[in-house]
Structure formats: structure tokens, C-alpha cells
Protein chains: 2
Amino acid sequence: MSTSEESSLGKVEVSMSPQERFEEYLQSRGLRNTDQRRFLIEQVFKHHEHFDADQLIDQLPRKGHENHVSRPTVYRTLNEFVEAGLLRKFELNGRSVYEHDYGYPQHDHFYCTKCHKLIEFQSDELLQLRDAIAREHRFRVRGHRLIIQGVCDDCSRQKRERRVQDRV
Amino acid sequence: MSTSEESSLGKVEVSMSPQERFEEYLQSRGLRNTDQRRFLIEQVFKHHEHFDADQLIDQLPRKGHENHVSRPTVYRTLNEFVEAGLLRKFELNGRSVYEHDYGYPQHDHFYCTKCHKLIEFQSDELLQLRDAIAREHRFRVRGHRLIIQGVCDDCSRQKRERRVQDRV
DNA sequence: ATCGTTGCAAACGTTTTGCATAAGG
DNA sequence: CCTTATGCAAAACGTTTGCAACGAT
């Protein structure tokens, strides 16, 4: 059975689960599939939201409880997930933010400076334009990062409503 | 006389020098124009390259010498330059990178993962596409950050040449 | 005289490391 | 059994802060 991911951007059919994919990655490099790695991959792929290391650690069992994973191991493992192509990492406000990569379509983000939400969007035109620009400059594209900052619809709606209230 | 900046992207005519602009900014807020600020603005606008705090500090006189500026003051002042609209700041590999903003046209960057150079480019089409996408999503754009990663022309040339040499 | 600015040292928040112990293959 | 992985504590990293002394207006 093939796995798929739910999201606002739709699904991408992939032939292996993240777990299977990671096992393959580990085996190909002679690395080991430990309890911690198995547990973390399960947690990380349980939901689709963007997250940083602290958010992940907060949702993990505390020290002394079953399945607790130490902070250094969380960091080490997140780096491995990136290395294995399961996650993508980017910087936002000086900290690393992770998102699903494996089995998930290419996309970019709006970043709302009011509510600090990341909103995904996808544009083929953008990719084409990117490649056209790169071609002009003889630059070999491997990928890109685009974040459009501003105010999301929800937040500008709230502002408008508050303005109306103020008049009453 | 009006000032202008040289660059691959051309010039933008501005009515004040960065120094004058900063003085105005300071005065409007009741802040003070100190020797350190005057010296730093001169250093920062002497060349057009991107730089981070350490690179700036390295090109400054060492402790004990004339015009030395302490590390905290450099950081504080860079933040003020950003606040004043003279510089733009962005994150690259976990550190803050600064570039001229005042008197300099909007642009984006290629980032070469071989030589770690940042190469500027400018595209009006990109801005239009950005705004069109944002409009669709009812997102109010304040700005954006785009970095296209890959390999620059110089580096792929070198690779090609090395391949040819290897055959000899 | 006032109040913003500086330099120092020390703190900060995030991420990484060295090392001894544990555990996967 | 061999080697990789883990947890701990401590370090590293870039950046910020508290505070007393300083200096601009």
C-alpha cells in the first residue's frame, strides 16, 4: 500500500512510508534504527504542521518517562531527517523550523508578522520564472527559499472589524 | 549634490547620503550622533558587499586603537541602521547578513553552495507574480525574501574544466 | 543637567560537542 | 564483538543585556 499526505496543497503519492524510507537510508549507510529514531519519526510525521526543536521536545514524554528522548538526540535526529530528505529546514527569526519534505509537494510560504503563522502556497509559474531567471544568469538551481512577509487575511479582517467597533 | 550607488543592478538616485539620512533619523527620535555611529556608517557604506557582524568587526580597528568600536555597540548600531532603513538584514546559515538598503534597488539573491557567494538579481516579473499570488490569497505583502540555492556559473565552469583536465 | 550611549562582563537562547555508557547489527 | 547511538554535562555560537562610567545636546 502506498502512503499519502493530507494538506491544503493536496497529496503526493509515494511508494514508502517515511519510516520505511528512513530505514532504507540508515541501512544504506550502515547506521542503526534505534528506539529513539523510530519514536521521533512517528511523532514528526503524525501531524503536518511546521515546528521547531522546542515544539517537538515539548510534545515528547518528559525525562524519566517512557520514550523520553534527550535534547541532543532530538537535534541530532532532526539533522538526520533533513539529511535523509524527510524534512526540510529553514531559519525563521533566528531559529530552525522544520517541515515535511518527503511525500509532500514543493511549496513556499507567507509569513504573517501579526500572528506569526506560516501559510503555504504553491505556484508553478513561480518555479518556471525562477528557472528562467536562473538560466539567464547561468545559475544551476538546486532549490530555493521564498518567504513573503506581510499580514494574513484573518489578521487584516480583525483589524478592519476593530476599526468598525471603534466607531460605535 | 545627490548620491548614487554603483552595482550590477544600476543606481538609484537619492537626495541624501546615508550619513545625512541617519542624522535625520536620529534627530527625529531624539537620539545622538556619536563618533562610533559616524565611523560605522562610513565603514558600512564604503563598499557594497554583503557582510555579517564579524566581517564588519574584523575590518574595524582593534581594541586600544583609534576608532575601535566594541562588539555590543556594533550589534546595537547595525540594528539601528536596519531600523533607520539604511540596511536590510537576513539570515544565512544561522547568522545575520546585512546589505545596503537605502538608495539601493530591490533585488533577490542566488546563493552558490560551492563558493558561498551571494549574487544579486532583479526581476520585475517576480514582484508582479508575488503580488498576484498574494492577492489570490488575500495576503497583504510587506516584503519578501527569496534565495535561490545552487551553483554559480564560475563554479560550474571550474568543474567542467577539471573534468576536461582529468581526461588528459 | 539631563538622558542617551558606550564598554565591559556576563547572560542569553539555540544548537553542538566530548566522553563514558548503552545497545543495535 | 564491534561500532554506532545515547545521555549527560559542558561548550560553542552569535547575539543581547545590566550596569556604571561617559558624553552629546
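Keep in mind that the numbers below use all heavy atoms, side chains included, and drop hydrogens, waters and symmetry copies. The shown structure was predicted, so the numbers you read here are calculated from the model rather than taken from an experiment.
Shown here are the side-chain contact (heavy atoms from CB on, under 4.5 Å) partners of A/Asn67, two or more places apart in sequence or in another chain: A/Phe39, A/Pro61. Listed by chain and number, the residues in a side-chain hydrogen bond (donor to acceptor under 3.5 Å, both in side chains) with A/Lys63 amount to none (sequence neighbours excluded). Every residue two or more places apart in sequence or in another chain that forms a side-chain contact (heavy atoms from CB on, under 4.5 Å) with B/Gln158 is listed here: B/Arg162. Annotation: side-chain contact (heavy atoms from CB on, under 4.5 Å) contacts of A/Gln55 (sequence neighbours excluded): A/Phe51, A/Asp52. Evaluation of the side-chain hydrogen bond (donor to acceptor under 3.5 Å, both in side chains) rule for A/His116 yields A/Tyr111 as partners, not counting sequence neighbours.
Residue pairs meeting the side-chain hydrogen bond (donor to acceptor under 3.5 Å, both in side chains) criterion with at least one member in residues 143-157 of chain B, sequence neighbours excluded, are B/Asp108-B/His144, B/Arg130-B/His144, B/Asp153-B/Arg157. Screening residues 22-35 of chain A for salt bridge (Lys or Arg N to Asp or Glu O under 4.0 Å), with sequence neighbours left out, gives A/Asp35-A/Arg38. Among residues at least two apart or in separate chains, salt bridge (Lys or Arg N to Asp or Glu O under 4.0 Å) pairs with a member in residues 71-88 of chain A are A/Arg37-A/Glu80, A/Asp54-A/Arg71, A/Arg88-A/Glu99.
Counting non-hydrogen atoms under 4.0 angstrom, B/Asn79 reaches the backbone sugars and phosphates but no base.
Atom P of nucleotide C/dC8 and atom OH of B/Tyr75 are separated by 16 Å, given to the nearest angstrom.
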Subject >> ring pair (Phe, Tyr, Trp, His ring centres under 6.0 Å) evaluation trace for B/His100 with B/His50 >> reply: CA-CA 8 Å; B/His100 294 179; B/His50 307 87; 8.9 Å; no
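With axes fitted over five pairs at each extremity, the angle between the ends of the helix from C/dA1-D/dT25 to C/dG25-D/dC1 is 30° (10° resolution).
Both A/Asp52 and B/Lys63 lie close to DNA chain C; mapped to their nearest nucleotides by heavy-atom distance, the more 5′-ward contact belongs to B/Lys63.
When DNA chain D is scanned 5' to 3' for any atom under 4.0 Å from a heavy atom of chain A, the first and last hits are D/dT3 to D/dA9.
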What pairs of nitrogen or oxygen atoms, one from the protein and one from nucleotides 3-7 of chain C, lie under 3.5 Å apart?
unit_1	atom_1	unit_2	atom_2	d
C/dC3	O2	B/Arg32	NH1	2.8
C/dC3	O2	B/Arg32	NH2	2.9
C/dG4	O4'	B/Arg32	NH1	3.4
C/dG4	N3	B/Arg32	NH1	3.3
C/dT5	OP1	B/Arg32	N	3.3
C/dT5	OP1	B/Arg37	NH1	2.4
C/dT5	OP1	B/Arg37	NH2	2.9
C/dT6	OP1	B/Thr34	OG1	2.8
C/dT6	O3'	B/Gln36	NE2	2.8
C/dG7	OP1	B/Gln36	NE2	3.4
C/dG7	OP2	B/Ser70	N	3.1
C/dG7	OP2	B/Ser70	OG	2.9
C/dG7	OP2	B/Thr73	OG1	2.9
C/dG7	N7	B/Arg76	NH2	2.8

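Other members of the cluster containing B/Leu146 are A/Phe110, A/Ile119, A/Phe121, A/Leu126, A/Leu129, A/Ile133, A/Phe139, A/Val141, A/Leu146, A/Ile148, B/Phe110, B/Ile119, B/Phe121, B/Leu126, B/Leu129, B/Ile133, B/Phe139, B/Val141, B/Ile148, with ILVMFWY side chains joined at under 4.5 Å, either directly or via other members.
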